[in-house]
Amino acid sequence: MRNRTSTLAVLLEAALVVAAAVAFAFAANALSPRGLKLARNYFPGASSHSNAPARLSTPPLRAPSSTNVISADAQITGRLREKELQPLSRARIEELFHDPRYEQGLLVFVDARDEDEYAQGHIPGAYALDPYHPEKQLAAVLAPCQNADQVVVYCLGGDCEDADSAAILLREAGVSNQKLFVYGGGFTDWTDHRLPVETGARNSGIAPVERK
Amino acid sequence: MKIRDCKAIDFGALAARWFLGGLFVYTGLEKGLDPVSFLKLVRQYDMVHVPFLLNSVAAVLPWFEVFCGALLLTGIAVRGAALTLTCVLIPFTALIWHRALILQAARAIPFCAVKFDCGCGMGEVFICRKLLENAGLILLALWLLSGRGRRLALRYSLTGKTESPPAPSPTDWGRSTAEKA
């Protein structure tokens, strides 16, 4: 009898702990400046994530039941097509980067990583648009994107879907889907090929220290 | 209650509470202060597809851990907090295991070579090590749940009497001081 009472007391106590912890957690999230907005869809355009495992590794993956090697590029292209977004290869990105229209603002690059990553290095002249906290940046990015012929959005590359989210955000804000492109290789691919990088603010012209 | 009345097991329980509580507060803060990264990790488990539910899990879980960890650190509702954390740890460990099996199949590597960020607040970890760690944490929480650590707790039980030895009366303190002298 005593044991039963004690067990019930522990269960009751656990229920109280759970209720208080949940209330505390919702309050902490609401008060935190980095808190999540519960009603917002942070992954627009994503239907099901059933093929998530295959997306986790950037290197080529070997399917479990076959010997076919699924390239990372094919995975990224498939993912983008699923979201009705257009992938763009690095070769084409490089061409656009050196295109005179880039200087004229007719080609726009948008960096979809967070502020810290952007400040540490981005494609020179790229605008910052963190799709998880777009409130501050969207207004500044939207007008140049609407005036441009082509808009290239990138994030870290590989499994990173932040560029997809930023592109969809721009599309929903009124930028034509026809001129929206996603650089699937992302910033990792860009730096791997030793292409120019700018640090700090946009158009600061500051080149990072050469990595050894 | 006098410290010298405590047995080694009481100090052991205190250490267990502080270790478990401190760990949950630390990992909870790691996730709670960067909820977007945690949201992405939760999404990888492919368990919840409704945005509101997914966001709620990612928003609530870290602070939930912080709260329960703080209870253990301070010694409030120890068994309730230990039971709650056990109930959180067991399904999460199963989820991590399941995820690792999927990754193992996708990468065609040995199970223990699977390394990924499980959203546990410690970054990328090897799965076998993580499973062992979680097993240890579950055992520790169960040990606290079994009734250890009544002493040296601020308020061991919320629902009934604390079952801790009564607080010393002024005469006890006086006697203690006299004994020392």
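Note that the coordinates shown come from a computational prediction; the quantities given were computed from them, not determined experimentally. Throughout, protein chains are lettered first and strands after them, A, B, ... in sequence-line order, and every chain is numbered starting at 1. What's counted below: heavy atoms across the whole structure, side chains too, no hydrogens, waters or symmetry copies.
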Measure across [X] and [Y] and return the closest heavy-atom pair with its distance rounded to 0.1 Å.
X     : Y     : result
B/A77 : A/V17 : CB-CG2, 3.9 Å
A/A25 : B/F64 : CB-N, 3.8 Å
A/L38 : B/A59 : CD2-CB, 3.8 Å

Hey, what do you get for [atom1] ([X]) to [atom2] ([Y]), rounding to the nearest 0.5 Å?
X     : Y     : atom1 : atom2 : result
A/S6  : B/R79 : OG    : CZ    : 4.5 Å
B/H49 : A/F43 : NE2   : CZ    : 11.5 Å
A/Y42 : B/R43 : OH    : CZ    : 13.5 Å
A/N29 : B/L61 : CG    : CG    : 12.0 Å
B/L54 : A/N41 : CG    : CG    : 9.0 Å

**Item:** Region of A/D114 that comes under 4.5 Å of a non-hydrogen atom in chain B
**Value:**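 Neither part.
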
**Item:** Heavy-atom proximity to chain B below 4.5 Å, by part of A/A20
**Value:** both

Please check if atom [atom1] in [X] has more than 12 non-hydrogen atoms from other residues, nucleotides or ligands closer than 6.0 Å.
X      : atom1 : result
B/W143 : CH2   : yes
A/E115 : CD    : no
A/Q178 : CD    : no
B/R129 : CZ    : no

**Part of B/A82 lying under 4.5 Å from any heavy atom of chain A** =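 Interface part for B/A82: neither.
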
**Prompt:** Does any N or O in the side chain of A/R34 come within less than 3.5 Å of the main-chain N or O of B/L33, such that one atom is a donor and the other an acceptor?
**Reply:** yes

**Prompt:** Within the side chain of B/N55, is there an N or O that forms a donor-acceptor pair under 3.5 Å with the backbone of A/K37?
**Reply:**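 Judged by distance alone, yes, a pair lies under 3.5 Å.
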
**Message:** Can you classify the ring geometry of A/F24 versus B/F67 as parallel (below 30°), tilted (30 to 60°) or perpendicular (above 60°)?
**Reply:** tilted

**Message:** In the structure I gave you, are the side-chain heavy atoms of B/V78 and A/E13 within less than 4.5 Å of one another anywhere?
**Reply:** no

**Message:** Using a 4.5 angstrom heavy-atom cutoff, name the option from A/L11, A/V10, A/L36, A/D162 with the most pairs to chain B.
**Reply:**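 Result: the option with the highest number of such pairs is A/L36.
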
